[in-house]
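Encoded as structure tokens, the structure appears first; notes follow it.
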Protein chains: 2
Amino acid sequence: MKKENLSNTHNDIKKLLKKHNLKMTPQRAAIYNEIVGSKEHPATVKIFKKVREVFPNISFDTVNRTLSTFVDIGLIKSVEYSGESRRFDPNTKKHHHFICVKCGRIIDFESREFDNLNIPEDIKKRYEVLEYKVTIEGICDRCKK
Amino acid sequence: MKKENLSNTHNDIKKLLKKHNLKMTPQRAAIYNEIVGSKEHPATVKIFKKVREVFPNISFDTVNRTLSTFVDIGLIKSVEYSGESRRFDPNTKKHHHFICVKCGRIIDFESREFDNLNIPEDIKKRYEVLEYKVTIEGICDRCKK
DNA sequence: CTACAATTAGGAATCATTCTTATTTAAGAT
DNA sequence: ATCTTAAATAAGAATGATTCCTAATTGTAG
Ligand SMILES: [Mn+2]
Ligand SMILES: [Mn+2]
Ligand SMILES: [Zn+2]
Ligand SMILES: [Zn+2]
């Protein structure tokens, strides 16, 4: 196994940070490592607890602020769902969400159709469209019992 | 002008409350009157301030709890957008939202196409779908300067 | 009118997020 | 390797939204 394989993600994030005049720090690396593989769209507190296992002194603020920074530079995304804490998504490719109204689980799904909707003309004319997504609400398999 | 016209909304909400074994109260009527015509998807605090002009002693808790009750019985809807306070929508007909990422304005729009999307088969198979909507993010006319 | 259960006001508590400040650190320059 | 300096961090306070608690009030059935 080559050395590069072990430091790939580290170099990737470092490059992106540099592009935005931000420094690479061990805290940022640890936070990135924690979220990059996750599929559950974790909230800050969840990431905080995990990172604490490696960095016993890291503060909640640092984790939360770092996640906001990552969103700002496009490394991750923030998932919209009101009434709860912010949740984060390492998957920045276009995709859509099924949200369980019982347990709050957020599940990714893909759809060619949904990826290519025709934004209404009057919306495109009046506003600047950045992105769009389809959100399905319902009850997940686990909660259906 | 007939008497029924003046008490129509009052009777409507009373009927719906009764169906859910809830009592009609002056506070609930005032809160309903405040949100029913609004197009701005107001947050609790906005509704609270308005209702206070009529009911100087009403508590924030009552307004907030009542709005939750209204959502529960389907009188209004809660609008999803994380990182901010809950916002409410008196429009329960199927429609979609444009959200301005700069000022947080939430704007309704209609689309026959968006109202009739084909939910992916594997989603329908695995989960119980209750509803779905398209959310467009972008920059509104005001914020474009 | 009376009794009972639901609803409310007010304040405390909780939870997420942001701010403040002193200290530490990353990274470019020597 | 050391110095320099702006950026980043830890810790705790502050803020904001929401929920909880409890005693008092109110709506409605009988
Ligand atoms: Mn996702
Ligand atoms: Mn709406
Ligand atoms: Zn579920
Ligand atoms: Zn705007």
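We name chains A, B, ... by the order of the sequence lines, and we start the count at 1 in each one.
One finds no side-chain N or O of B/Gln27 lying less than 4.0 angstrom from the OP1 or OP2 phosphate oxygen of D/dT26. Residue B/Thr25 places at least one side-chain N or O closer than 4.0 Å to OP1 or OP2 of C/dT8. Regarding contacts with the backbone of C/dG28, a side-chain N or O of A/Lys18 is found under 4.0 angstrom from either OP1 or OP2. For D/dA10, one of the phosphate oxygens OP1 or OP2 lies less than 4.0 angstrom from a side-chain nitrogen or oxygen of A/Thr62. Distances shown here put every side-chain N or O of A/Arg65 at or beyond 4.0 Å from the OP1 or OP2 atom of D/dA8.
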Residues A/Val134, A/Leu117; criterion side-chain contact (heavy atoms from CB on, under 4.5 Å); working and verdict: CA-CA 10 Å; A/Val134 180; A/Leu117 300 180; 4.0 Å; yes
Could you walk me through whether A/Val51 and A/Gln27 pass the side-chain contact (heavy atoms from CB on, under 4.5 Å) test, one step at a time? CA-CA 8 Å; A/Val51 175; A/Gln27 290 89 342; over 6 Å; no
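B/Glu131 pairs with exactly one of B/Lys93, B/Lys94, B/Lys77 by the salt bridge (charged side-chain N to carboxylate O under 4.0 Å, His left out) rule, that one being B/Lys77.
Which of C/dA6, D/dA10, D/dT9 sits closest to the side chain of A/Ile58 comes down to D/dA10. Distance from the side chain of B/Pro26 is smallest for D/dG27 among the nucleotides D/dG27, C/dA27, C/dT17. Among the nucleotides C/dT8, D/dA11, D/dA17, the one closest to the side chain of B/Thr66 is C/dT8. The side chain of A/Phe60 sits closest to C/dT18 out of C/dG28, D/dT9, C/dT18. Nearest nucleotide to the B/Arg86 side chain, out of C/dA16, D/dT18, C/dA9: D/dT18. Picking from C/dT17, D/dT19, D/dT9 the nucleotide with the shortest atom distance to the side chain of A/Asn64 gives C/dT17.
In terms of polar N and O atoms assigned as donor or acceptor, the side chain of A/Asn57 never comes within less than 3.5 Å of the base of D/dA11 in a complementary pairing.
Summarising the geometry, the separation between CD1 on A/Ile13 and C1' on D/dA8 is reported as 14 Å, rounded to the nearest angstrom. If you take NZ of B/Lys49 and P of D/dG16, they are 11 Å apart, rounded to a whole angstrom. D/dA6 atom P lies 14 Å from atom CG of A/Asn21, rounded to whole Å. If you take CG of B/Leu22 and C1' of D/dT28, they are 14 Å apart, rounded to a whole angstrom. Taking atom CG of residue A/Asp72 and atom P of nucleotide D/dA8, one finds them 12 Å apart after rounding to whole Å. The NZ atom of A/Lys23 sits 7 Å away from the P atom of C/dA27 (whole-angstrom rounding).
Annotation for A/His96 and A/Phe114: closest pair NE2-CB, 3.3 Å, computed over non-hydrogen atoms.
The existence of a salt bridge linking A/Asp141 and A/Arg105 is confirmed by a sub-4.0 Å separation between a basic side-chain nitrogen and an acidic carboxylate oxygen.
For the pair B/Thr44 and A/Asp61, nearest-nucleotide mapping onto DNA chain D gives the more 5' position to A/Asp61.
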